[in-house]
Amino acid sequence: SKGAIFYDVDVKDIKYIGGFENFVYEYSKDDSDYILRFVHSLHRSYDLVLAELEFIDYLDKNTAKVSTVVHSTSDNLVERVNLDNNHYFTICVFTKAPGRKVTYEDLTDDFYQMLGKEVGKLHKLTKTYKPIHKRQLWCEESYLEQSTNFLPKKDTKIIEIYHDLINFIKKLPQNIDNFGLIHTDLHFGNMLIDSGELTFFDWDDSSYKHFISDIAIILFYRFCFGDASNDEINRESARMIRNLMIGYRQENKLNMNEFKMLNEFFLLRTIILYIVIYAAGEKSYNSEWGKKFINKYRDRILNKIPFLDLEKVLKGI
């Protein structure tokens with residue numbers, strides 16, 4: 001009810017639609033649809049959410065395809081509702097992205113070229129972005145702490161592998177052409193397609209990270225929950241990367257040496273998902289998809305089995 005007041009909407013018109021780490025609602029007003037999001041302070045601080053919204057606003061004003069930030073009636077990007085002396089919600093609203101979910105039928109060469117072009121634009125724009133409030137570094141997330149708190153004792157080795165991987169990635173070269181504020185979660189569930197154009201949303205995980213991570217996420221989620229063979233994954237990944245980069249190079253340059261680190265970023269995301277499944281509780285890790293993921297990837301993590309055969313995948317790119 002307090003959140004509705006900030007945006008001059010009747011609370012009766014607000015409908016809960018879900019959310020994993022946040023509470024997400026939708027409503028309609030003046031023939032337009034909006035997304036209303038509540039972020040608990042235990043998940044993100046007010047300043048971190050404000051930093052996220054400032055970045056999205058900057059991208060939107062520079063013609064990137066993102067869900068537009070809606071200002072409150074007080075002309076603020078975000079609002080705050082205190083719960084007690086220690087906890088609060090940060091509230092924000094976005095225009096609802098137009099279109100529908102991406103389907104397998106959409107995944108043509110032309111689609112990947114268009115997607116690559118839009119990701120290239122995001123990375124080009126982050127190079128010139130001067131934040132007022134700053135988002136966190138990728139390694140400042142609480143996943144390492146969560147791994148020690150939630151993973152079973154049998155997974156101590158996974159925690160060690162995760163710790164070593166973090167230290168390895170921290171030592172990779174960082175410069176304006178390969179590192180900056182990025183989305184970090186660009187799977188097909190965080191974009192909608194409408195008349196051949198994409199809109200990106202859900203920047204809740206945005207952080208300072210290597211650009212190649214955004215490419216890795218697109219590839220990883222294309223296959224991680226499926227049953228494709230290694231040969232199929234390598235063959236399709238080669239097609240994806242080739243076309244993604246045709247589009248990407250229209251907006252930005254990325255040294256091909258960055259692609260040699262793809263498997264490290266795949267491993268990073270695999271471990272993070274593994275941790276998140278356990279951190280979400282028994283309903284998550286005992287669910288059908290949770291058990292499937294754990295059974296499929298636990299041994300791959302422990303044995304550091306590469307996600308891709310990069311010699312095959314990167315040939316001819």
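Every residue meeting the salt bridge (Lys or Arg N to Asp or Glu O under 4.0 Å) condition with Glu160, not counting sequence neighbours, appears here in chain and number order: Lys157. Residues passing the ring-ring contact (aromatic ring centres under 6.0 Å, His included) test with Tyr58, sequence neighbours excluded: Tyr129. Partners of Leu151 according to the side-chain contact (heavy atoms from CB on, under 4.5 Å) rule, which considers only residues two or more places apart in sequence or in another chain, are Ser147, Asp155, Ile158, Ile159, Tyr274, Ile275, Tyr278. Residues meeting the side-chain contact (heavy atoms from CB on, under 4.5 Å) test with Ala51, sequence neighbours left out: His133, Arg135. Listed by chain and residue number, Lys292 satisfy the side-chain contact (heavy atoms from CB on, under 4.5 Å) test with Asp227 (two or more places apart in sequence, or in another chain). The side-chain contact (heavy atoms from CB on, under 4.5 Å) search around Thr68 returns Asp60, Thr95, not counting sequence neighbours.
Contacts classified as salt bridge (Lys or Arg N to Asp or Glu O under 4.0 Å) and involving residues 43-59 (residues at least two apart or in different chains) are given here: Arg37-Glu52, Arg44-Glu141, Arg44-Asp204, Arg44-Asp205, Asp57-Lys61. Sorted by first and then second residue, the pairs that involve residues 210-220 and meet side chain to side chain donor-acceptor pair (under 3.5 Å), not counting sequence neighbours, are His123-Asp214, Lys209-Ser213. Every pair passing salt bridge (Lys or Arg N to Asp or Glu O under 4.0 Å) that includes a residue from residues 113-128 is listed here, sequence neighbours excluded: Lys65-Glu118, Lys117-Glu251, Lys124-Glu251, Lys127-Asp177. For residues 5-17, the pairs satisfying side chain to side chain donor-acceptor pair (under 3.5 Å) are Lys15-Glu26, with sequence neighbours left out. Listed by first then second residue, pairs satisfying ring-ring contact (aromatic ring centres under 6.0 Å, His included) with a partner in residues 60-92 read Phe23-Phe89, Phe38-Phe89, His40-His87, His40-Phe89, not counting sequence neighbours.
Between the side chain of Asn295 and the main chain of Lys291, a donor-acceptor pair closer than 3.5 Å is present. A donor-acceptor pair is defined here as one N or O able to donate and one able to accept, closer than 3.5 Å; no such pair exists between the side chain of Asp164 and the backbone of Ile161. In this structure a side-chain-to-backbone donor-acceptor pair under 3.5 Å is present from Asn243 to Arg239. In terms of modelled atom types and a separation under 3.5 Å, the side chain of Ser28 and the main chain of Asp31 share no donor-acceptor contact. Side chain of Ser142 to main chain of Glu145: no donor-acceptor pair is present (N/O by atom type, distance under 3.5 Å, no hydrogens or angles). A donor-acceptor contact shorter than 3.5 Å links the side chain of Asn303 to the backbone of Asp299. Proximity of a side-chain donor or acceptor of Asn190 to a complementary backbone N or O of Asp185 within less than 3.5 Å is detected. Of the possible polar contacts, none joining the Asn62 side chain to the Leu59 backbone as a donor-acceptor pair under 3.5 Å is found. Checked by atom type and distance alone, the side chain of Ser41 never pairs as donor or acceptor with a backbone atom of Ser45 at under 3.5 Å. The backbone N or O of Ala216 sits nowhere less than 3.5 Å from a side-chain atom of Arg269 that would complete a donor-acceptor pair.
Tracing side-chain contacts under 4.5 Å through hydrophobic residues (I, L, V, M, F, W, Y), one reaches Leu125 starting from Leu122; they form part of the same cluster.
Note that the CG atom of Leu244 and the CE atom of Met114 stand 10.5 Å from one another [nearest 0.5 Å]. How far CG of Leu107 is from CD of Glu236: 7.5 Å, rounded to the nearest 0.5 Å. Note that the CG atom of Leu198 and the CZ atom of Phe188 stand 8.5 Å from one another [nearest 0.5 Å]. The CG atom of Leu254 lies 9.0 Å from the CZ atom of Arg249; values are rounded to the nearest 0.5 Å.
With 3.5 Å as the limit, one finds a donor-acceptor pair spanning the side chains of Glu79 and Asn76.
The shortest side-chain heavy-atom distance between Glu232 and Phe223 does not fall under the 4.5 Å cut-off. Put simply, the side chain of Tyr208 reaches to within 4.5 Å of the side chain of Pro131, judged on heavy atoms. Taking 4.5 Å as the limit, every side-chain heavy atom of Phe265 sits out of range of all side-chain heavy atoms of Ile217. Side-chain atoms of Phe307 and Tyr297, non-hydrogen and from C-beta on, do get closer than 4.5 Å to each other. Put simply, the side chain of Ile17 does not reach to within 4.5 Å of the side chain of Tyr25, judged on heavy atoms.
Below 30°, between 30° and 60°, or above 60°: for His187 and Tyr221 the angle between ring planes is between 30° and 60°, a tilted geometry. Relative ring orientation between Trp203 and Phe55 is described as perpendicular, the plane-to-plane angle rising above 60° on a 0-90° scale split at 30° and 60°.
Counted within 6.0 Å of CG on Asp84, heavy atoms from surrounding residues, nucleotides or ligands total more than 12; the atom is thus considered enclosed. No more than 12 heavy-atom neighbours from other residues, nucleotides or ligands sit within 6.0 angstrom of NZ on Lys2.
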Please set out all donor-acceptor pairs under 3.5 angstrom arising from side-chain atoms of residues 310-317, sequence neighbours excluded.
none

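Taking the six-membered ring for Trp and the full ring otherwise, Tyr34 and Phe94 have centroids separated by 6.0 Å or more.
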#### Entry: Stepwise salt bridge (charged side-chain N to carboxylate O under 4.0 Å, His left out) check, Asp194 with Arg100
CA-CA 7 Å; Asp194 184 56; Arg100 57 171 175 82; over 6 Å; no

